[in-house]
S.K.: 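Structure incoming, see below.
Here is how names work: the chains are called A, B, and so on, in the same order as the sequence lines, proteins then strands, and each is numbered from 1. Basis for what follows: all heavy atoms, side chains included, without hydrogens, waters or symmetry-related copies.
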2 protein chains.
Amino acid sequence: MKYTEAKQELIQAWGNLGSSWGLNKTMGQIHALLMISPKPLSTEDIMEELSISRGNANMNIRALMDWGIVSKVALPGERKEYFKSEKDIWALARQVARERRKRELEPILKVLKEVNEAQTDSSDESKEFKKVVKELKNFAEKSDNLLETFIKAEESWFWNTVLKMMK
Amino acid sequence: MKYTEAKQELIQAWGNLGSSWGLNKTMGQIHALLMISPKPLSTEDIMEELSISRGNANMNIRALMDWGIVSKVALPGERKEYFKSEKDIWALARQVARERRKRELEPILKVLKEVNEAQTDSSDESKEFKKVVKELKNFAEKSDNLLETFIKAEESWFWNTVLKMMK
DNA sequence: CTAAACTTTCAATACTTTCTGAAAGTTTAT
DNA sequence: ATAAACTTTCAGAAAGTATTGAAAGTTTAG
């Protein structure tokens with residue numbers, strides 16, 4: 001396989017992965033492109049490489065910046081804005097974890113806490129509900145703590161511990 | 001908050017969470033309903049509780065069974081099929097991890113391995129590409145191992161280790 | 001200030017996914 | 001065998017999401 005094919009395949013695959021990770025296809029593709037590029041790219045570069053419109057490029061670059069995994073670069077003597085991606089895969093993973101925690105875990109935790117306060121009447125349904133909610137809440141809280149630890153962890157410390165777990 | 005409100009809110013929230021977890025809203029809602037129900041429910045029960053069509057109910061129950069988190073129950077003396085959900089939250093988490101590994105991690109790993117074999121020419125682009133792919137592949141493999149460990153782990157052992165990690 | 005260079009917005013459109021409901025298929029009881 | 005009870009399928013409708021491209025907005029150079 002040649003470099004250009006390989007590049008296309010990776011961009012494509014990263015786009016698909018994006019869709020299962022709360023990004024969308026285009027966000028994933030732009031991110032892949034920036035990750036493998038040795039130098040920052042402009043909106044036009046991205047439009048051209050991925051054959052997408054200006055509006056699409058602009059919106060998705062913005063969304064990637066909201067996620068905190070892409071940032072602007074000012075190139076000296078250039079008027080255009082250029083963009084680069086976080087390349088340290090660990091920093092990237094932590095950033096994604098941070099965002100997903102905020103977007104997914106926090107809302108459900110809030111609901112579980114609320115709902116855990118609900119009055120129980122004496123029906124079977126109501127008792128089972130209470131029991132399940134308690135377990136879910138407990139699990140969600142543990143997950144939240146674990147995630148927090150991961151987000152704050154230094155790479156080596158984390159891997160050392162994880163590697164121990166995996167023998 | 002009363003039980004019936006609380007129930008609706010939980011079902012709603014679990015539906016939203018489903019969407020970020022590779023299920024869809026209805027799958028999430030059906031799953032929530034089955035989780036909190038003290039007894040198995042029929043397709044009709046589900047249709048009624050969630051106000052959805054027969055086709056929709058059928059397809060999404062099926063999808064949940066494919067994921068391995070919902071199963072059929074035959075009630076003695078009843079002709080209808082009833083369904084129940086896995087209620088052990090740990091078993092549930094492991095099952096979801098297993099499916100997502102298969103659906104997300106395996107495909108990207110395959111691509112990374114393929115693409116890692118690509119020929120490098122002497123250009124900057126090509127060298128950077130190779131370097132990034134190597135790092136991604138390494139990370140993906142480590143994640144795969146970690147996930148495998150989790151999937152196979154006994155609850156207490158896993159939590160003991162994790163709790164140590166979290167001090 | 002003005003014009004060129006560049007970025008952002010957004011209404012219209014294209015595309016994708018989900019849902020419905022009725023028809024077809026299957027199973028069970030008699 | 002047949003009819004009632006139940007399940008599955010699937011084409012079309014509805015809802016949701018992504019994309020375009022042109023117009024509006026902003027910044028910079030001179």
Side-chain angles (χ1 to χ4, degrees), chain A residues 11-34 40-67 70-84 103-104, chain B residues 11-34 39-67 70-84 99 103-104:
Chain A
I11 288 174
Q12 198 49 52
W14 209 247
N16 293 340
L17 193 63
S19 318
S20 8
W21 270 78
L23 320 182
N24 65 32
K25 184 156 71 61
T26 306
M27 280 171 82
Q29 292 178 339
I30 293 175
H31 181 249
L33 196 56
L34 289 174
L41 301 178
S42 69
T43 303
E44 308 245 333
D45 294 335
I46 291 166
M47 287 165 59
E48 188 171 328
E49 285 266 13
L50 301 179
S51 310
I52 60 176
S53 72
R54 186 172 297 284
N56 196 7
N58 187 278
M59 294 214 334
N60 285 297
I61 291 169
R62 176 158 307 279
L64 284 165
M65 291 196 294
D66 282 351
W67 271 77
V70 159
S71 54
K72 276 189 198 176
V73 189
L75 290 193
E78 287 268 17
R79 212 158 128 188
K80 260 187 216 161
E81 290 179 336
Y82 285 78
F83 304 93
K84 68 168 191 205
R103 289 165 200 234
E104 295 167 29
Chain B
I11 288 174
Q12 199 47 54
W14 209 248
N16 293 340
L17 193 64
S19 318
S20 7
W21 270 78
L23 321 182
N24 65 33
K25 184 156 72 58
T26 306
M27 281 172 81
Q29 291 178 340
I30 294 176
H31 182 249
L33 196 56
L34 291 173
K39 52 186 194 340
L41 301 178
S42 68
T43 302
E44 308 245 333
D45 295 335
I46 291 166
M47 286 165 59
E48 189 171 327
E49 284 266 13
L50 302 179
S51 311
I52 60 175
S53 72
R54 187 172 295 283
N56 195 8
N58 186 278
M59 295 214 330
N60 283 298
I61 291 169
R62 176 159 308 278
L64 284 165
M65 291 196 293
D66 282 351
W67 270 76
V70 158
S71 53
K72 277 189 197 174
V73 188
L75 289 194
E78 287 269 16
R79 210 156 130 191
K80 261 187 214 161
E81 291 180 334
Y82 285 78
F83 304 93
K84 67 166 194 210
E99 284 292 322
R103 290 164 199 236
E104 294 167 28

S.K.: Find the distance B/Met65:CE to D/dT7:P and express it as a whole number of Å.
M.R.: 11 Å
S.K.: Is the side chain of B/Asp45 donor-acceptor paired with the backbone N or O of B/Ser42 at a distance under 3.5 Å, no angle test?
M.R.: yes
S.K.: Per the side-chain contact (heavy atoms from CB on, under 4.5 Å) rule, which among B/Val73, B/Ile61, B/Ile30, B/Leu33 passes with B/Leu41?
M.R.: B/Leu33
S.K.: Rounded to whole Å, please give me the gap between CG in A/Asn16 and P in D/dA18.
M.R.: 14 Å
S.K.: State which of D/dT19, D/dT8, C/dC6 makes the closest approach to the side chain of A/Asn60.
M.R.: D/dT19
S.K.: Can you pull out the residues from residues 21-30 of chain A that lie within a 4.0 Å heavy-atom distance of DNA chain D?
M.R.: A/Asn24, A/Thr26
S.K.: Take the protein atom CD1 of B/Ile61 and the nucleotide atom P of D/dT9, then report the distance between them rounded to whole Å.
M.R.: 13 Å
S.K.: Enumerate the protein-to-nucleotides 12-16 of chain D contacts in which both atoms are nitrogen or oxygen and the separation is below 3.5 Å.
M.R.:
none

S.K.: Once each nucleotide of nucleotides 20-30 of chain D is scored for protein heavy atoms under 4.0 Å, what B/S/- sequence comes out, 5' to 3'?
M.R.: BB-----BB--
S.K.: What is the distance from CG of A/Asp66 to P of C/dT8, rounded to the nearest Å?
M.R.: 12 Å
S.K.: Please confirm whether the shortest side-chain N or O distance from A/Asn58 to OP1 or OP2 of C/dT7 is below 4.0 Å.
M.R.: no
S.K.: Under 3.5 Å, is there a donor-acceptor pair between the side chain of A/Asn60 and the main chain of A/Asn56?
M.R.: yes
S.K.: Tell me the interatomic distance from B/Glu78, atom CD, to D/dT7, atom C1', rounded to whole angstroms.
M.R.: 15 Å
